[in-house]
Amino acid sequence: EGDGFFERIGLKSIASFQKEIRKLAIQLSRATYTPVSHWVDMPIVKLYTWYEETADIIKKENKENK
């Protein structure tokens, strides 16, 4: 049995999986000024790791700017 990665990130179907990948790719693209294709072509676990790390940095920066 796996570590529950897909359940942990809220994926319950192929359609929701595809939609989530597109959303992550768009958000990372906007945050890093890189093409969406860069993120879409990335392995899923690596993509999600980049997303988590980028989101943490942005949250920290937003907190510091308040």
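These numbers were taken from a predicted model, which means no experiment stands behind them.
Side-chain atoms of E20 and L24, non-hydrogen and from C-beta on, do get closer than 4.5 Å to each other. Residues V36 and L28 fail the side-chain proximity criterion, which asks for heavy atoms closer than 4.5 Å.
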Set out, in order, the CA-CA distance, both residues' side-chain angles and the distance that settles side-chain contact (heavy atoms from CB on, under 4.5 Å) for Q18 and R22, then state yes or no. CA-CA 6 Å; Q18 292 170 334; R22 285 191 301 271; 3.7 Å; yes

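For the atom pair CD1 (I58) and CD (E53), the distance works out to 12.0 Å, reported to the nearest 0.5 Å. Atoms CH2 and CZ, on W39 and R30 in that order, are 14.5 Å from each other to the nearest 0.5 Å. The OH atom of Y51 sits 4.5 Å away from the CD atom of Q27 when rounded to the nearest 0.5 Å. Distance CD/E52 to CG/L47: 10.5 Å, rounded to 0.5 Å.
Both I26 and V40 are part of a single hydrophobic cluster, where members link through side-chain heavy atoms under 4.5 Å apart.
For S29 against P35, the heavy-atom pair with the smallest separation is OG-C, 3.8 Å.
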